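Each ligand, and each atom within it, is numbered from 1 in the order the structure gives. In this text the structure is predicted, and so the values were computed from the model without any measurement.
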Amino acid sequence: MLMNILITGGAGFIGLNFVQYLLRNTEYHITVIDSLTYASHPKEIYALTSNSRFRFLKGNIVKNKDMERVMDQQYEAIIHFAAESHVDNSINNADKFIQTNINGTYQLLQNLMKGYFKRMIHVSTDEVYGTLTSTQLPFTEQSPIAPNNPYSATKASSDLLVRSYYETFKLPVITTRCSNNFGPFQNIEKFIPTIIHKACKNRRIPLYGDGLQIRDWLFVEDHCRAIHLIMEKGVFGEVYNIGGGNERKNIEIVKKILEIMRKSEDLIEFVEDRKGHDRRYAIDSSKLQNKLGWKQTYSFNQSLEQTVQWYINKFKGAPI
Ligand code: NAD
């Protein structure tokens, strides 16, 4: 299918992987708008502009003037990744989270209403569901929204805005809620890149609390494939969970990475737990599998090994 699409936050971790995935696997014409925050990859996104199917505009989704610059044409779809995404930053100061995650999403819904895009895929997170005990079943799309930190609260707010615009105006929107991603281009502040970076430098690896928090991990390209499928075949007004069924304790992830890197577990240092730290996330993605035929294609162990190698190469020569 020939498509002209707009991607917000396409210079970030998942957005950049998604752009590269679409350029490799489709004939789509792609426009990215990204304000190039500290979490973005300017070099990589500007490099893609040599492709005639790709254009990049530096801009803030919250600012109407910036959005007007990309609205020089109609798009079959807008895929909305742009966000402030680091929980620890939101605990220190949630201002930017409220601006980008809530107000930014609101601006896009207003532009959807004006007819600039034929559909909107709102990329959200499993963190909006809050936390599970060790015996509870994984989150389904019917699980209550119960965010526990300012980041997930702003994402939940944006999800509710999107939902309301479907219920009130019947706008063509779809929300996705994915579990923790890993892969190339994730910011060094995040869990897996931090472990690899510290281990590369033989430095202490900080592990929150007892390290027994559980996350459900998915390789980023499987997330990209899911979003592509949902964009083409998803039903308006629906929410789709995306998850790998790879529940792992944080301490297991650290030990596995140290094993891959042949480093000592003595590098692990337990530090004071994060405030409001969710204990367990697990996601039931059977709706996406049964209704749209999505399947995870990458094995967790193999893609983790590839990811570790990617960061080792990246960190070679990086300043200490
Ligand atoms: P990221 O922080 O790596 O990238 C975010 C991108 O958005 C950056 O390039 C940044 O410059 C851009 N951006 C931020 N504010 C902007 C603004 N006001 N205007 C324009 N661009 C702006 O985030 P990520 O990890 O790639 O996450 C992308 C989306 O996926 C987010 O909405 C996040 O909530 C969601 N998500 C992430 C994960 C995960 O594990 N990383 C899991 C599920 C869902």
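Of the protein's heavy atoms, Ser35 OG, 3.2 Å lies nearest to atom 22 (C) of ligand 1. Among all non-hydrogen protein atoms, the one lying nearest atom 19 (N) of ligand 1 is Ile61 N, 3.0 Å. The shortest contact between atom 15 (N) of ligand 1 and any protein heavy atom is with Thr100 CG2, 3.4 Å. Of all protein heavy atoms, the one closest to atom 23 (O) of ligand 1 is Ser85 OG, 3.3 Å. Nearest non-hydrogen protein atom to atom 32 (O) of ligand 1 is Lys155 NZ, 2.6 Å. Scanning the protein for heavy atoms near atom 44 (C) of ligand 1, the closest one is Ser124 O, 3.0 Å. Regarding atom 18 (N) of ligand 1, its nearest protein heavy-atom neighbour is Asn60 OD1, 2.8 Å. Scanning all protein heavy atoms for the shortest distance to atom 10 (C) of ligand 1 gives Thr37 OG1, 3.2 Å.
For the pair Phe81/Ile227, a side-chain contact is recorded, criterion being any heavy-atom separation below 4.5 Å from C-beta on.
In the vicinity of Phe81, heavy-atom distances shorter than 4.0 Å reach the ligand 1 atoms 28 (C), 29 (C), 31 (C), 32 (O). Near Ser179, with a cut-off below 4.0 Å to any heavy atom, the atoms of ligand 1 are 42 (C), 43 (C). Within ligand 1, the atoms closer than 4.0 Å to a non-hydrogen atom of Ala39 are 2 (O), numbered from 1 in the order shown. Annotation for ligand 1: atoms under 4.0 Å from non-hydrogen atoms of Ser40 are 9 (O), 11 (O). Residue contact check: Gly59 has heavy atoms under 4.0 Å from atoms 19 (N), 20 (C) of ligand 1. Every atom of ligand 1 is numbered from 1 in the order shown, and the set under 4.0 Å from a heavy atom of Asn180 is 40 (O). The ligand atoms of ligand 1 that sit less than 4.0 angstrom from a heavy atom of Val123 are 30 (O), 32 (O).
Considering Leu288, Asn290, Ile283 as possible partners of Ser286, the one that fulfils the side-chain contact (heavy atoms from CB on, under 4.5 Å) test is Asn290. Residue Ile214 is tested with Glu252, Lys249, Arg279 for a side-chain contact (heavy atoms from CB on, under 4.5 Å); the sole match is Lys249. Partner of Thr8 under the side-chain contact (heavy atoms from CB on, under 4.5 Å) criterion, chosen from Val123, Thr105, Asp34, Leu108: Leu108. Screening Lys118, Arg119, Met231 for a side-chain contact (heavy atoms from CB on, under 4.5 Å) with Ile5, the sole residue that qualifies is Met231.
Taking any N or O of Asn181, backbone or side chain, at least one lies under 3.5 Å from an N or O belonging to ligand 1. Between Ile33 and ligand 1, no N or O atom pair is found at a separation short of 3.5 Å. Not one N or O of Thr125 is nearer than 3.5 Å to an N or O of ligand 1, by distance alone. At least one N or O atom of Asp34 sits closer than 3.5 Å to an N or O atom of ligand 1. Below 3.5 Å of separation, one finds an N or O of Phe13 facing an N or O of ligand 1.
At a 4.0 Å heavy-atom cut-off, ligand 1 does not touch His80 at all. Residue-level proximity to ligand 1 for Tyr151 is carried by the side chain, the only part with a heavy atom below 4.0 angstrom. Heavy atoms of Ile14 found under 4.0 angstrom from ligand 1 belong to the backbone as well as the side chain. Looking at Leu36 against ligand 1, only its backbone comes within 4.0 Å, counting heavy atoms.
Between the side chains of Tyr165 and Gln110, at least one donor-acceptor pair of N or O atoms lies under 3.5 Å. A side-chain donor-acceptor contact under 3.5 Å links Lys263 and Asn202.
Distances from atom 14 (C) of ligand 1 to the heavy atoms of Ala82, Gly9, Ala83 show the closest one on Ala83.
No donor-acceptor pair under 3.5 Å is formed between the side chain of Arg204 and the backbone N or O of Glu269. Asn148 places no side-chain N or O within donor-acceptor distance of the main-chain N or O of His277, the cut-off being under 3.5 Å.
For the atom pair CD1 (Ile192) and CG (Asn180), the distance works out to 8.0 Å, reported to the nearest 0.5 Å. With rounding to the nearest 0.5 Å, the separation of CG in Leu218 from CZ in Arg225 is 9.5 Å.
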Go through the steps to decide whether Arg53 and Leu23 satisfy the test side-chain contact (heavy atoms from CB on, under 4.5 Å), and finish with yes or no.
-> CA-CA 8 Å; Arg53 290 193 288 122; Leu23 288 173; 4.0 Å; yes
Ring pair (Phe, Tyr, Trp, His ring centres under 6.0 Å) between Tyr75 and Tyr28: does it pass, once the steps are laid out?
-> CA-CA 11 Å; Tyr75 298 94; Tyr28 293 179; over 10 Å; no
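Classified by interplanar angle (parallel below 30°, tilted 30° to 60°, perpendicular above 60°), the ring pair Phe139/Tyr281 is tilted.
Two rings, from Phe56 and Tyr46, have their centers less than 6.0 Å apart.
Residue contacts with ligand 1: Gly104 is excluded, as none of its non-hydrogen atoms falls under 4.0 Å.
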